[in-house]
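The structure under discussion appears below in the form of C-alpha cells.
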Amino acid sequence: MSNEDMKHDVVVEDPAIDQAQDAPAEETVSTFRLVATLAIAGALAGLLIVMVNQHTKPIIDKYKAEQLQLAVYEVLPGVERYNTFYLVDDALSLELPAGAKESEYKRIYVGYDAEGRVSGVAISRGESGFQDIVQVIFGFDPVSGKLTGMKVLDSKETPGLGDKIFKDMVFVNQFFASPDTPLVAVKPGAGKGGPGEIDTITGATISSKIVISIINNGMKEWM
C-alpha cells in the first residue's frame, strides 16, 4: 500500500444513527385537547339535532293531524262533521283541564249526519304486533255495534307479509261490510258465514289477528 493511500482516513457511517437523526419527533397529543374536541363535536351534533327537530316537528304534527282527520271520515262513511271527546274523570268532555297535555288523555271521535244526529263513533288505539306497535282507527255504529270501517294508521310489520293488513284490500274491505262485533278471526275459506267473521291473511295471520284484537278490545273498553 502506498503512502498516498494511507493518507486517506476511513470513515464508517452508522445507518442507525442517520435514521434516528432523520426521523421526525413524535408529537404528544394532550388528553385534555382530545376530550375537549370530542365534547365540542358532541355539543354541535346535539345542537344540530335539536334545531332540525324544532323545525320538522310542527310539520310532522300537522301532517299527522291531517291524516287522522281524513281517516276519521274514511271509517265513518257519510258523516258531515265530527267532534273529538276526551275521557276526563270517567266522563266524556269536549275540553281538557287547564294545562293538561292532549297526549295524556284517551279520546274518541263522534260523527254527525246532516241533521246533527250521532251517526258513528271512531276510536284509535294500538297494540303490539309481530314487529312493533300497530296503530288502527276504526268506526262503528254505537246503536247496533256494527263496524263501519277500519284503517291502519301506523305499522312496521314485515314488508310483503305483515303489511298486507293495509295493502290487501280484500282483507280491509271486510271491515267496511258492517260486520257485527265482537269480531271472530277465521282462516280464509274456513268460516261458517257468521256475521262477525273476518278472514285472516294467509302468511300474515298474526298481523291480521292483531287488527281484530285491537278492534275487539277497543269496543270492550269503550262500550
Side-chain angles (χ1 to χ4, degrees), residues 53 56-113 116-157 162-163 165-166 171-172 174-185 196 198 200 206-223:
N53 183 66
T56 58
K57 189 176 185 304
I59 299 174
I60 294 174
D61 290 345
K62 181 181 178 182
Y63 174 78
K64 287 184 177 180
E66 291 173 348
Q67 293 303 304
L68 176 61
Q69 184 181 48
L70 293 174
V72 171
Y73 285 112
E74 185 174 341
V75 301
L76 295 178
V79 300
E80 293 290 323
R81 61 180 182 86
Y82 73 88
N83 283 332
T84 302
F85 285 85
Y86 302 94
L87 186 62
V88 181
D89 297 330
D90 295 326
L92 293 178
S93 173
L94 285 169
E95 302 292 337
L96 287 172
K101 293 183 179 180
E102 184 180 23
S103 59
E104 296 178 353
Y105 289 83
K106 296 179 180 180
R107 73 207 72 171
I108 61 174
Y109 309 95
V110 179
Y112 305 89
D113 61 18
R117 296 171 298 194
V118 174
S119 60
V121 176
I123 297 173
S124 175
R125 68 189 310 274
E127 291 183 10
S128 296
F130 186 73
Q131 295 284 349
D132 202 347
I133 299 297
V134 176
Q135 191 75 24
V136 167
I137 187 170
F138 63 93
F140 66 95
D141 184 331
V143 177
S144 66
K146 293 179 179 291
L147 287 189
T148 58
M150 180 281 299
K151 184 178 181 65
V152 177
L153 294 176
D154 189 29
S155 170
K156 296 179 178 64
E157 298 297 89
D163 62 358
I165 57 177
F166 57 88
F171 174 73
V172 173
Q174 295 179 92
F175 299 92
F176 288 86
S178 301
D180 286 340
T181 54
L183 303 175
V184 179
I198 297 292
T200 56
I206 295 177
S207 299
S208 47
K209 283 185 175 180
I210 287 298
V211 173
I212 293 170
S213 173
I214 291 172
I215 294 173
N216 284 341
N217 290 338
M219 292 289 292
K220 182 180 179 180
E221 179 181 14
W222 284 96
M223 292 298 284

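Only heavy atoms go into these numbers, but all of them, side chains included; no hydrogens, no water, no symmetry mates. Since we're looking at a predicted model, the values are computed, not measured.
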Please walk me through it: do Y73 and V79 pass side-chain contact (heavy atoms from CB on, under 4.5 Å)?
CA-CA 7 Å; Y73 285 112; V79 300; 3.5 Å; yes

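Closest of all the heavy-atom pairs between V88 and P97 is CG1-CG, 4.0 Å. Taking all atoms of both residues into account, the shortest heavy-atom contact from Y112 to Y82 is CD1-CA, 4.2 Å. When all heavy atoms of V72 and A122 are compared, the closest pair comes out as CG1-CB, 4.5 Å.
The shortest side-chain heavy-atom distance between F85 and L94 falls under the 4.5 Å cut-off. Between W222 and K106, the closest side-chain pair of non-hydrogen atoms falls below 4.5 Å. Side-chain contact between S207 and V134 is absent, with no heavy atoms from C-beta onward closer than 4.5 Å.
Distance check, rounded to the nearest 0.5 Å: CZ of R107 to CG of L96 gives 8.0 Å. Rounded to the nearest 0.5 Å, atoms CD1 (I206) and CD1 (I165) are 12.0 Å apart. Atom OH of Y109 sits about 11.0 Å away from atom CG of L76, to the nearest 0.5 Å.
Residues forming a salt bridge (Lys or Arg N to Asp or Glu O under 4.0 Å) with D132 (at least two apart in sequence, or on another chain): none. With sequence neighbours excluded, no residue forms a side chain to side chain donor-acceptor pair (under 3.5 Å) with Q174. Under the salt bridge (Lys or Arg N to Asp or Glu O under 4.0 Å) criterion, E104 pairs with no residue at all, not counting sequence neighbours. For Q67, the side chain to side chain donor-acceptor pair (under 3.5 Å) criterion is met by no residue, not counting sequence neighbours. By the side chain to side chain donor-acceptor pair (under 3.5 Å) test, Q135 is found to be paired with S124, residues two or more places apart in sequence or in another chain being considered. Not counting sequence neighbours, the partners of F175 by the ring pair (Phe, Tyr, Trp, His ring centres under 6.0 Å) test are F171. In this structure D154 satisfies the salt bridge (Lys or Arg N to Asp or Glu O under 4.0 Å) test together with K156, sequence neighbours excluded. For K64, the side chain to side chain donor-acceptor pair (under 3.5 Å) test picks out no residue, with sequence neighbours left out. E80 is linked by a salt bridge (Lys or Arg N to Asp or Glu O under 4.0 Å) to nothing, counting only residues two or more places apart in sequence or in another chain.
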Which atom pairs, one a donor and one an acceptor, fall under 3.5 Å between side chains of residues 211-219 and the rest of the protein, sequence neighbours left out?
unit_1, atom_1, unit_2, atom_2, d
S213, OG, E127, OE1, 2.9
S213, OG, N217, ND2, 3.2
N216, OD1, L183, N, 2.7
N216, ND2, L183, O, 3.1
N217, ND2, E127, OE2, 2.7
N217, ND2, S213, O, 3.3

Identify each donor-acceptor pair in which a side-chain atom of residues 137-151 lies under 3.5 Å from a protein atom, sequence neighbours left out, and give them as a table.
unit_1, atom_1, unit_2, atom_2, d
D141, OD1, V143, N, 2.8
S144, OG, K146, N, 3.3
K146, NZ, D180, OD1, 2.5
T148, OG1, V75, O, 2.6
T148, OG1, G139, O, 3.2
T148, OG1, F140, N, 3.4

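Applying the side chain to side chain donor-acceptor pair (under 3.5 Å) test to residues at least two apart or on different chains, the pairs with a partner in residues 83-101 are Y86-E102.
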